[in-house]
Amino acid sequence: MRPSERLDWDDLKLILALAEARYVNRAAEKLRVDQTTIPRRIRRLEDRLDLKLVERIKGGIVLTPAADALVRVARAAETGIDDALATQVLAPPISGTVKLSGTDFMLDLLSAALADLQKRFPELVLELKPTNDYLSLDRRETDVAIRQADSPNDGLVGRRLPEIPLGVYAPPELADAGNGKPWLSWTLPRGINEIEQLILRLDPEARIVARVDSMMAQARLCAHGMGCAFLPKRFVAAHDELSALVLLKDGPTYPAWVVTHEELRHVPRVKEVMAAVAIGLSDKQKG
């Protein structure tokens with residue numbers, strides 16, 4: 001009888017458990033057996049192989065060189081089994097609904113990436129929420145949020161996105177106009193406090209002709225000649241119909257994150273959506 005025919009996978013798992021645990025009771029816990037069975041199994045294996053495998057010392061056990069050799073075989077076999085089965089075991093399908101919120105222009109930039117995501121996972125349902133408001137992740141108003149922020153708030157986890165550079169754009173007929181140009185701004189307090197201050201620094205005689213809480217709508221109105229606007233440079237670059245707009249100067253740049261609640265961070269469908277957002281916006285920046 002060949003030596004390999006004298007032991008099986010359970011024997012190798014026993015030796016491996018002893019090597020990793022170094023104590024009979026811990027090895028028994030790892031193998032989920034009663035600890036009184038471990039010495040009996042070792043004695044039977046030693047008799048079958050005609051080898052000494054374990055030396056007992058106070059407080060634990062020490063493996064013999066013969067057992068150490070079997071440990072190396074066991075680890076190689078374990079790795080081989082894992083590698084062989086990894087390609088065969090199908091991951092559970094990505095399914096269910098994920099609520100994704102972000103500004104309208106961000107979701108617009110992600111349209112191709114999100115379409116590809118849904119094609120890869122047909123059972124995934126995306127509930128898209130274009131908004132300038134910070135929907136609550138704690139109250140599950142959204143599952144994943146794209147936010148303009150320096151870092152996630154407490155209880156949130158996520159990935160940093162490429163920064164959002166704004167430009168000052170004008171329709172061609174207003175590009176060379178002096179002070180007192182018509183401008184598009186926001187109704188939101190944050191927009192008024194920041195954007196209108198920037199407008200007035202650039203154009204002290206600026207005329208606010210519309211306040212629109214949508215970057216996409218502002219871009220369209222700007223293209224139709226209503227007024228100048230601070231617009232995301234990547235959004236303008238992504239749309240041929242906005243190519244006539246004139247970039248007067250660079251505007252501020254804002255940090256951005258895609259975040260989720262820490263309780264959702266390991267949910268497969270949430271992880272896939274967050275990865276699609278991060279990759280999609282990174283690719284858009286390269287483009």
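Excluded from the calculations below are hydrogen atoms, water molecules and symmetry mates; all remaining heavy atoms, backbone and side chain alike, are included. As the structure is a computational prediction, the values presented were derived from the model and not from experiment.
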For [X], which residues count as a side-chain contact (heavy atoms from CB on, under 4.5 Å) partner, sequence neighbours excluded?
X	value
E173	P171
P252	L166, L198, F230, Y254
A276	L117

Of the non-hydrogen atoms in [X] and [Y], which two are nearest, and what is the gap between them?
X	Y	value
A238	L109	CB-CD2, 3.9 Å
A77	W9	CB-CZ3, 3.8 Å
L107	G102	CD1-O, 4.0 Å
A206	I199	CB-CG2, 3.5 Å
L51	A66	CD1-CB, 4.3 Å
V259	L137	CG2-CD1, 3.8 Å

same_hphob_cluster([X], [Y]) at 4.5 Å side-chain heavy-atom cutoff:
X	Y	value
W183	L247	yes
L12	V71	yes
V33	L16	yes
M226	V168	no
L202	V209	no

Suppose we screen for side-chain hydrogen bond (donor to acceptor under 3.5 Å, both in side chains). Which residues come up paired with [X], at least two apart in sequence or across chains?
X	answer
K129	E127
T103	none
D138	H261

Do [X] and [Y] have side chains that get closer than 4.5 Å, going by heavy atoms?
X	Y	value
V144	V258	yes
L156	R147	yes
I15	L45	yes
F235	M216	yes
R201	E196	no
M106	I164	yes
L100	D143	no
T131	D104	no

Atom pair [atom1] ([X]) and [atom2] ([Y]), whose distance is rounded to the nearest 0.5 Å:
X	Y	atom1	atom2	answer
I279	M274	CD1	CE	12.0 Å
I38	D34	CD1	CG	9.0 Å
C228	Q218	SG	CD	11.5 Å
L248	K181	CG	NZ	6.5 Å
L114	D116	CG	CG	9.0 Å
L135	S101	CG	OG	4.5 Å

Open item on the list: Taking side chain to side chain contact (heavy atoms under 4.5 Å, CB included) as the criterion, tell me which of V236, V212, L245, L242 meets it with C222.
Closed with: L245

Task: Pairs touching residues 263-279 that satisfy side chain to side chain donor-acceptor pair (under 3.5 Å), sequence neighbours left out - done: R140-E263

Open item on the list: Filter on side chain to side chain donor-acceptor pair (under 3.5 Å), then keep only pairs touching residues 40-53, sequence neighbours left out; what's left?
Closed with: D11-R48

- [ ] Report, as yes or no, whether the 6.0 Å neighbourhood of atom CG on D10 holds more than 12 heavy atoms from other residues, nucleotides or ligands.
- [x] yes

Open item on the list: Quick test of your reading: applying salt bridge (Lys or Arg N to Asp or Glu O under 4.0 Å), list the pairs with at least one residue in residues 218-233, sequence neighbours left out, ordered by first then second residue.
Closed with: R220-E241, K233-D250

Keeping [X] on the side-chain end and [Y] on the backbone end, is there a donor-acceptor pair under 3.5 Å?
X	Y	value
W257	D150	yes
N132	D213	yes
N179	P204	no
S95	L124	no
T142	A145	no

TODO: Just do the side chain to side chain contact (heavy atoms under 4.5 Å, CB included) check on I42 and L18 with the steps written out, would you?
DONE: CA-CA 10 Å; I42 286 294; L18 287 170; 3.3 Å; yes

Task: Qualifying residues under salt bridge (charged side-chain N to carboxylate O under 4.0 Å, His left out), relative to R160, sequence neighbours excluded - done: E163

Task: Lys/Arg N to Asp/Glu carboxylate O, E141 vs K99, below 4.0 Å - done: no

Open item on the list: For a side chain to side chain contact (heavy atoms under 4.5 Å, CB included) check, start with the C-alpha distance between V98 and V125, then their side-chain angles and the critical distance, and finish with the verdict.
Closed with: CA-CA 6 Å; V98 176; V125 178; over 6 Å; no

TODO: Verify side chain to side chain contact (heavy atoms under 4.5 Å, CB included) between L53 and L63, making sure each step is shown before the conclusion.
DONE: CA-CA 6 Å; L53 299 175; L63 300 185; 5.9 Å; no

Task: With Y169 via ring pair (Phe, Tyr, Trp, His ring centres under 6.0 Å) - residues at least two apart - done: none

Task: Connected hydrophobic set around L174, excluding itself, where side chains approach under 4.5 Å - done: none

Open item on the list: Evaluate H239 against D108 for side chain to side chain contact (heavy atoms under 4.5 Å, CB included), listing each step before the verdict.
Closed with: CA-CA 10 Å; H239 293 274; D108 178 85; 2.6 Å; yes

